[in-house]
Amino acid sequence: MRRGVLGIVGSRIADVRRARCRRKPILIEPRIERFRRLAVGATVSDVGRIGKRVVVHLDGGLAIVFEPRMTGLVLLAAPPTAEHLRLRIGLAEGPIDELFYWDRRGLGSVRLLSAAELSELYGNGSLGPDALQITAADLVERLGGSRRAIKVALLDQRAIAGIGNLYDAEILHRARIHPARPCHRLHDDDWRRIQRAVQKVLTDAIRYEGSTLSDGTYRNALNRSGGYQNHHRVYDREGLRCVICRTAEIQRIVQAQRATFFCPQCQPSKLARIASSR
DNA sequence: ATTAATGTTCAGAA
DNA sequence: TTTCTGAACATTAA
């Protein structure tokens, strides 16, 4: 999503307004009048990413932070429906006329922050280092002592920023780690495999522009479907044969109130590992 | 017609 | 301190 939004670098903010959406308003800070006063006239200097958030940097030091959560989209093209359009940002002096924030469930937010607020909110301990920068040693340091299940721990954005539920499941399948294994029982080579799997899954997911699931919600900045759903090995594949071992069926369990998918053959629990080794 | 599920995050409680 | 639970919301599938 961030890559697509890069297309507005160099454009000037010409207008900011709420879309006419009859639903409960999403969180927009500061209030729209002040937001407009501060942002209009500024030029987009860069588009970055902090974990799962898209950050539009403006000259002068302010930044617009989009936090899409479950169903939010930052778009340069017309949104999927007019119904759930939440915010429109008019642009001038560039190829794109307007930036949209669309959000079906409305759990996301848009905030205009100063450089100081940005570093305060996202620089201190509230978000961990980005998943794509993380080393195996970082993983051990930040999660190695935790008693939580590895699947749950990898979702903790304060430990590592950027891993969501779907990619968590894919990562652990690649790393051949059972999702319920407690962090403090994992070994160095387990963490090394996890680190490599994080790199592989996230870079592939970015290359294929994300996963558009059966509800069709995720789209890139040009409102096009992603392609990574065709590469899922476990997510949403309960009961299907594992494409790696071609033996076991993918199982679904619930951890931290989230669905987890895994292959019982490729991702043995500790007990299964002991049993199979004799 | 209910209920459960959903690429998430946070406050507040255990 | 760390970990767990429920709520915010809208839509679809079972």
Side-chain angles (χ1 to χ4, degrees), chain A residues 1-2 19 21-29 49-54 65-74 79-86 101-111 121-122 125-128 131-132 141-173 180 182-184 198 201-221 224-239 252-261:
Chain A
M1 192 180 293
R2 179 201 80 97
C21 176
R22 312 173 63 78
R23 303 167 182 277
K24 183 174 181 192
I26 62 159
L27 175 64
I28 297 177
E29 282 180 352
R49 179 178 68 75
I50 304 180
K52 300 172 186 175
R53 298 143 174 89
V54 176
V65 178
F66 296 90
E67 188 180 318
R69 298 216 185 170
M70 296 286 281
T71 55
L73 298 176
V74 185
T81 68
E83 173 77 350
H84 300 98
L85 183 58
R86 311 289 180 153
Y101 182 71
W102 178 95
D103 195 336
R104 197 183 62 184
R105 285 176 70 178
L107 301 179
S109 65
V110 183
R111 291 198 275 192
L121 264 179
Y122 302 117
S126 64
L127 275 188
L132 283 175
E141 180 189 327
R142 305 185 72 88
L143 298 177
S146 174
R147 305 188 73 77
R148 288 180 292 183
I150 180 63
K151 166 68 170 35
V152 177
L154 288 175
L155 287 173
D156 183 347
Q157 304 297 300
R158 285 185 319 224
I160 298 146
I163 298 173
N165 193 49
L166 185 167
Y167 297 121
D168 197 347
E170 296 296 325
I171 286 163
L172 291 177
H173 184 263
C183 291
H184 70 100
V198 167
V201 169
L202 294 185
T203 54
D204 282 357
I206 290 169
R207 178 180 308 128
Y208 290 103
E209 306 216 53
S211 300
T212 300
L213 304 183
S214 53
D215 71 356
T217 296
Y218 181 74
R219 329 231 86 202
N220 71 14
R224 311 255 312 194
S225 296
Y228 193 70
Q229 66 281 2
N230 300 319
H231 299 266
H232 291 174
R233 291 182 175 182
V234 290
Y235 185 82
D236 209 13
R237 293 178 57 81
E238 182 183 21
R252 178 187 187 276
I253 59 175
V254 173
Q255 296 176 285
Q257 304 154 204
R258 319 285 304 275
T260 293
F261 300 86

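Just so it is clear, the values below take in all heavy atoms, side chains as well, and ignore hydrogens, waters and symmetry mates. Chain identifiers are assigned alphabetically (A, B, ...) following the order of the sequence lines, protein sequences preceding nucleic acid strands; residue numbering begins at 1 within each chain. These figures come from a predicted structure and were not determined experimentally.
Side chain of Arg252(A), nearest nucleotide from dT9(B), dT3(C), dA5(B): dA5(B). Listed nucleotides dA8(C), dT5(C), dT9(B) differ in distance to Gln257(A); the shortest reach to its side chain belongs to dT5(C). Here dT11(C) is the nucleotide among dA5(B), dT8(B), dT11(C) with the atom lying nearest to any side-chain atom of Arg23(A). When each of dA10(C), dT9(B), dT6(B) is scored by its nearest atom to the side-chain atoms of Arg86(A), the top-ranked nucleotide is dA10(C). The side chain of Glu83(A) has dT11(C) as its nearest neighbour among dC10(B), dT11(C), dT8(B). For Met70(A), whose side chain is taken as the heavy atoms from C-beta onward, the closest listed nucleotide among dT6(B), dT5(C), dT9(B) is dT6(B). Nearest to the side-chain atoms of Arg148(A) among the listed nucleotides dT9(B), dT3(C), dA10(C) stands dT3(C). Looking at the side chain of Arg104(A), the nearest of the listed nucleotides dT8(B), dT3(C), dT11(C) is dT11(C). Of the candidate nucleotides dT8(B), dT6(B), dT3(C), dT8(B) has the atom nearest to the side chain of Asn165(A).
Comment: Glu83(A) does not engage Arg22(A) in a salt bridge, judged by the lack of any side-chain N to carboxylate O separation of less than 4.0 angstrom.
Ser225(A) and Arg219(A) are linked by a side-chain donor-acceptor pair at a separation below 3.5 angstrom, with hydrogens and angles left out of the test. In this model, a donor atom of one side chain and an acceptor atom of the other lie less than 3.5 Å apart for Tyr101(A) and Asp103(A). In summary, the side chains of Thr260(A) and Gln255(A) do present a donor paired with an acceptor at a separation below 3.5 Å, with no hydrogens or angles considered. Between the side chains of Trp102(A) and Thr71(A), no donor-acceptor pair is found at a separation under 3.5 Å.
Both key distances under 3.5 Å define a Watson-Crick or G-U pair, and stretches of 3 or more such consecutive pairs in DNA chain C run B:2-6 with C:10-14, B:8-14 with C:2-8.
Atom CZ in Arg111(A) sits 12.0 Å away from atom CD1 in Ile28(A) (nearest 0.5 Å). In this structure, the separation between CG on Asp156(A) and CG on Leu143(A) is 7.0 Å, given to the nearest 0.5 Å.
The nearest whole Å value for the distance from the CG atom in Leu154(A) to the P atom in dT9(B) is 14 Å. Atom C1' of nucleotide dT6(B) and atom CG of Asp168(A) are separated by 16 Å, given to the nearest angstrom. Taking atom CZ of Arg158(A) as the reference point, atom P of dT1(C) lies 11 Å away to the nearest angstrom. Regarding Trp102(A), its CH2 atom lies at a distance of 10 Å from the C1' atom of dT11(C), rounded to whole Å. Computed from coordinates, the Leu27(A) CG to dC10(B) P distance equals 11 Å when rounded to whole Å. Between the CZ atom of Arg258(A) and the P atom of dA4(B) there is a distance of 18 Å, rounded to whole Å. If you take CZ of Arg105(A) and C1' of dA7(C), they are 11 Å apart, rounded to a whole angstrom.
When atom types are taken as modelled, the side chain of Arg86(A) and the backbone of Arg104(A) share a donor-acceptor pair closer than 3.5 angstrom.
Tyr167(A) and His232(A) have perpendicular rings, their planes meeting at more than 60° on a 0 to 90° scale where under 30° would count as parallel.
Each of Arg69(A) and Arg147(A) lies near DNA chain C, and the nucleotide nearest Arg147(A) is the one positioned closer to the 5' end. When each of Leu107(A) and Val152(A) is assigned the nucleotide of DNA chain C bearing its nearest heavy atom, the one mapping closer to the 5' terminus is Val152(A).
The residue Thr71(A) sits apart from the nucleic acid: no heavy atom pair falls under 4.0 Å. Residue contacts for Asp215(A): at a heavy-atom cut-off of 4.0 Å it reaches no nucleic acid atom on any strand shown.
Judged as a side chain to side chain contact (heavy atoms under 4.5 Å, CB included), and not counting sequence neighbours, the contacts of Pro25(A) are Arg18(A).
Residues of residues 201-212 of chain A having a heavy atom closer than 4.0 Å to DNA chain C: none are found.
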